[in-house]
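To find a chain, count down the sequence lines: A is the first, B the second, and so on, and within it residues start at 1.
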Amino acid sequence: MSKLSATMPAALASENTVSLKRQLGRAERMKKLKYGALIAPLAIFLLLTFVWPISALLKRSVDNPEVIGALPATSALLSDWNGENAPDALVFAAFAREMGEIKGTPVLAGAAKRLNMEQPGFRSLMMKTARAMPPAEGVSPRDALIEADERWADPATWRFLARNATPYTGRYLLASVDRTYDEQGQIVRAGDDQAIYVDVLKRTFGMSAIVTAFCLLLGFPLAYLMATQPPKIANTLMIFVLLPFWTSVLVRVAAWIVLLQTQGLVNQALMALGVTDHPLQLVFNSTGVYIAMVHILLPFMILPMYSVMKGISPTYMRAALSLGCPPFKSFWKIYFPQALPGVSAGALLVFILCMGYYITPALLGSPKEQMASYFVAFYTNQTINWGMAAALSAILFVATLILYMVYTRLTGQQDAASKAR
Amino acid sequence: MIPAYATPLERVWYYAFRVLCGLVLVFLMLPILVIAPLSFNADSFLLYPMSGFSLRWYEEFLTSAAWRQSFMNSLIVSPIATLLAMALGTPAAVGLARIDFPGKALLTAILISPMVVPVVIVGVATYLVFAPIGLSGSYIGLILVHAALGVPFVVTTVTATLQGFDFNLVRAASSLGANPLTTFFKVTLPIVAPGVISGGLFAFGTSFDEVVVTLFLAGPEQSTLPRQMFAGIRENISPTIAAVATIMTVLSTLMLITLEGLRRRGERMRGEGK
């Protein structure tokens, strides 16, 4: 190419290069367009069925539509109010008019429920006030409201209303870490009857950590054995790992109930061995949840560990042993560091999957073993509190995302390392 | 094998280690081995020793309207969701393997994310946006979300297959005058087919075992087999559940065998192993 242009007149060469460049550029664009068109349907599909729903749910955790939707004019006026002196007559007039308009509708009920969440007693105040609205002929809205309930004379009541008449609120997210707003709008610890979520989150992470630890403890030896056996035996052992992996989670949960029930095989065996003289309660408590969760997640631990261990050459261990390093020390100093990428990938994967578990604790546990997912489902199905369901989802989602990013970084490095090798 | 110079401690450790591994294998297999025989139990208790042999629980599964309906629903939802996941995932994986563009890493992460995001979040989120547009309590809504959950498996397995794919074959086909569609079906697809099929099997397995999204999104008419099982286990665990569990285990074993066959075929075609 360069040789060619050197022998050509300069003008002709540059003309040719430009057109060639343009042709190449066009071909490259065509290729991008063509292959981009292959990706586009899936991207659009996931945007509609996955990204959009999850974004909507996450937005729901800061949405605050109830009060502003019920009382739009009052909310607008209150947002301009300085919050110190009593609000002016315009506010009273707008509030009285809007309360009269929504009297007896679900809109009022929704706003009253929302305000009652913040300050118990506000539901009855709203209902009572609405009943007295609109004001009688010739009575000023201000007098009518104070007549209905004298709390409307107190600027603190209006400040409270103003604080909750914003389009967005941090309330649900704060509540999910046991925090709330006090009367002055400062963030404080929630009351003891409300402060349950930190415990739920601690339990979610704690249970995931315990399950991960057990999976590591049981999975490591088996992965090691599989990696050090000849392929034929390793493949047979692999079937024992893959068959449970492919079996439905519900089938395994049902099987564990059968095994662990009071007269089940496990209790029969324990009594025959003389470990206990009466049947133990092994299911519908934490024991049952842990056993089943470890069983379900163990293959996710073994598979990544096995794939890394398979690539570790046995010569390093042999070298260490022949140089006189004791077996356990050479394992710990030579083998384990090489297996570490697989161990951390497996552990993170199990932890991530465990955090989101719902059916296993729901079917095998007591209320004390329920994790964050259960409360997301509870607020969606039972009390229809979208704000709380969304806030807990958001926390779970962010935790999953962070751990998953760590996971991809780890496995990405592993890929790069295996390529370099 | 233990070398002759091994110390007694090393010998003990050698056997202890194998016993430990044996116990882990028993732990892994026990539930599957225990539940299948009980589905043939003559009486209605899920207890050993069994009182006799009977097929009555299979008969109950086949004759009960609720079980049959949920089985039919699973046979409607899972295959369609799988086909959709394969149809969307395969071209996308081909496209991703061929071009680079800004934000590709982010897009790939999004395509994989349905595999990682807790299913409860997916269930609640899709219920939140599907209910107002009439897609909750419908087959379409359920199929769409099941397909979304299956797509990452198709994308990852096809991507893995494409890593050994020689794109010069596509160029050769084009230069010999085949149009892109013919090239795809005659050249690309037969080579990546094992990846597409194993991805599809993973997607099918996911959908066929999916209960959480179904709990939120399906109405009573769309109840699937796992959801019916979930309800059954929650209320009163009966031998019918053991029968269903056995049928599902047989199905998953068949899928596992198919996958293993595909993997071996792939290895042979790439000339690895024997």
Side-chain angles (χ1 to χ4, degrees), chain A residues 31-32 34-36 38-39 41-43 45-46 49-54 56-57 60 218 221-222 225 237 240-244 246-259 263-265 268 295 298 327 352 355-356 358-359 363 373 376-377 380 386 389 393 396-397 400 404 408, chain B residues 10 17 20-21 24-25 27-32 34-35 38 46-48 88-89 91-92 94-96 98-99 101 107 110-111 113-114 116-122 124-129 144-145 148 151 205 209 211-212 216 226 229-230 233-234 237 241-242 245 248-249 252-253 255-256:
Chain A
K31 185 182 153 196
K32 277 201 172 166
K34 208 171 82 185
Y35 285 104
L38 291 178
I39 309 173
L42 179 60
F45 174 76
L46 281 183
T49 58
F50 194 76
V51 179
W52 172 47
I54 288 185
L57 182 66
R60 210 47 208 250
L218 298 180
L222 192 58
L225 184 74
L237 292 177
F240 286 85
V241 179
L242 286 178
L243 194 60
W246 270 93
T247 307
S248 159
V249 171
L250 287 161
V251 169
R252 290 189 272 168
V253 166
W256 278 115
I257 293 178
V258 169
L259 271 167
Q263 292 144 302
L265 275 186
Q268 286 178 18
H295 184 255
L298 192 51
I352 291 172
M355 269 194 327
Y358 169 64
I359 40 175
L363 288 175
S373 289
V376 173
T380 309
W386 281 105
S393 297
L396 199 59
F397 182 76
T400 310
Y404 183 62
T408 48
Chain B
E10 281 171 31
F17 179 72
L20 179 67
C21 288
V24 175
L25 288 176
F27 172 70
L28 278 169
M29 290 302 290
L30 193 63
I32 302 167
V34 157
I35 197 156
L38 285 176
L46 283 164
L47 289 174
Y48 284 100
L88 290 165
V94 173
L96 283 172
R98 289 296 276 153
I99 50 170
F101 50 90
L107 183 67
I110 292 174
L111 298 188
S113 60
V116 205
V117 174
V119 262
V120 165
I121 296 182
V122 181
V124 172
T126 47
Y127 175 68
L128 174 71
V129 300
L144 290 178
V145 180
V151 151
D209 192 22
V211 59
V212 181
F216 286 103
M229 269 190 90
F230 182 84
I233 295 172
R234 180 164 260 188
I237 177 160
I241 288 180
M248 287 177 86
T249 309
S252 47
T253 312
M255 284 202 281
L256 174 62

Legend entry - Engaged part of A:Tyr404 at the chain B interface, taking heavy atoms whose separation is under 4.5 Å: side chain

Inset, instruction - Pick one of side chain, backbone, both or neither for A:Ile54, based on which atoms fall under 4.5 Å of a heavy atom in chain B. - result: both

Inset, instruction - Report the option among A:Leu57, A:Leu42, A:Thr49, A:Val241 that has the most heavy-atom pairs separated by less than 4.5 Å from atoms of chain B. - result: A:Leu42

Inset, instruction - Measure across B:Ile99 and A:Lys32 and return the closest heavy-atom pair with its distance rounded to 0.1 Å. - result: CD1-O, 3.7 Å

Legend entry - Taking every non-hydrogen atom, the tightest pair across B:Pro118 and A:Gly356: CB-CA, 3.7 Å

Legend entry - Value rounded to 0.5 Å, distance of CG in B:Leu111 from CZ in A:Phe50: 10.5 Å

Legend entry - Heavy-atom contact with chain A under 4.5 Å, split by part of B:Phe17: side chain

Inset, instruction - Might you point out which heavy atoms bring A:Val251 and B:Ile35 nearest each other, and give the distance in Å? - result: O-CD1, 4.3 Å

Legend entry - Atom group of A:Pro221 that falls short of 4.5 Å from chain B, counting heavy atoms: both

Inset, instruction - Quick one: closest heavy-atom pair of B:Val117 and A:Phe397, and the distance? - result: CG2-CE1, 3.8 Å

Legend entry - Contacting moiety of B:Val124, where chain A heavy atoms sit under 4.5 Å: both

Inset, instruction - Mind checking the CG-CG spacing from A:Leu259 to B:Leu46? Nearest 0.5 Å is all I need. - result: 10.5 Å

Inset, instruction - Output the option from A:Leu237, A:Val51, A:Ile352, A:Leu298 having the highest count of non-hydrogen pairs under 4.5 Å with chain B. - result: A:Leu298

Inset, instruction - Mind checking the OH-CZ spacing from A:Tyr358 to B:Phe230? Nearest 0.5 Å is all I need. - result: 5.0 Å

Legend entry - Contacting moiety of A:Leu218, where chain B heavy atoms sit under 4.5 Å: both

Inset, instruction - Determine the option with the most heavy-atom pairs under 4.5 angstrom with chain A, choosing from B:Val94, B:Thr249, B:Leu47. - result: B:Leu47

Inset, instruction - Among B:Val211, B:Val120, B:Ile233, find the residue that satisfies the side-chain contact (heavy atoms from CB on, under 4.5 Å) test when tested with A:Ile359. - result: B:Val211

Inset, instruction - Identify which of B:Thr126, B:Ile32, B:Val24, B:Leu28 forms the greatest number of heavy-atom pairs closer than 4.5 Å to chain A. - result: B:Leu28

Inset, instruction - Name the region of A:Thr380, side chain, backbone, both or neither, that has any atom closer than 4.5 Å to a heavy atom of chain B. - result: side chain

Inset, instruction - Select one option (side chain, backbone, both, neither) describing which atoms of A:Leu242 are under 4.5 Å from chain B's heavy atoms. - result: both

Inset, instruction - Go through the atoms of B:Val34 and report whether side chain, backbone, both or neither lie under 4.5 Å from a heavy atom of chain A. - result: side chain

Legend entry - chain B contact via A:Leu243 - which portion, at a heavy-atom distance below 4.5 Å: both

Inset, instruction - Go through B:Leu144, B:Leu128, B:Ile110, B:Leu20 and name the one with the most non-hydrogen pairs under 4.5 angstrom from chain A. - result: B:Leu128

Inset, instruction - Return the option, out of B:Ile241, B:Val119, B:Val151, with the maximum number of heavy-atom pairs under 4.5 Å with chain A. - result: B:Val151

Legend entry - Choice from A:Trp52, A:Phe240, A:Trp246 maximising heavy atom contacts with chain B below 4.5 Å: A:Trp246

Inset, instruction - Examine whether an atom of A:Leu225 lies under 4.5 Å from a heavy atom of chain B, and if so say whether it belongs to the side chain, the backbone or both; otherwise answer neither. - result: both

Legend entry - CG-CD1 distance between B:Leu88 and A:Ile39, expressed to the nearest 0.5 angstrom: 13.0 Å

Legend entry - Minimum-distance pair of heavy atoms, taken over all atoms of B:Pro31 and A:Ala255: O-CB, 3.4 Å

Legend entry - Rounded distance [0.5 Å steps], CG in A:Leu363 versus CZ in B:Arg234: 6.0 Å

Inset, instruction - Name the region of B:Ile121, side chain, backbone, both or neither, that has any atom closer than 4.5 Å to a heavy atom of chain A. - result: both

Legend entry - Closest non-hydrogen atom pair, A:Ala43 against B:Leu107: CB-CD1, 4.2 Å

Legend entry - Euclidean distance, B:Leu30 CG relative to A:Arg252 CZ, rounded to 0.5 Å: 13.5 Å

Legend entry - Contacting moiety of A:Leu250, where chain B heavy atoms sit under 4.5 Å: both

Inset, instruction - Can you label the angle between the B:Tyr127 ring and the A:Trp386 ring as parallel, tilted or perpendicular, going by 30° and 60°? - result: parallel

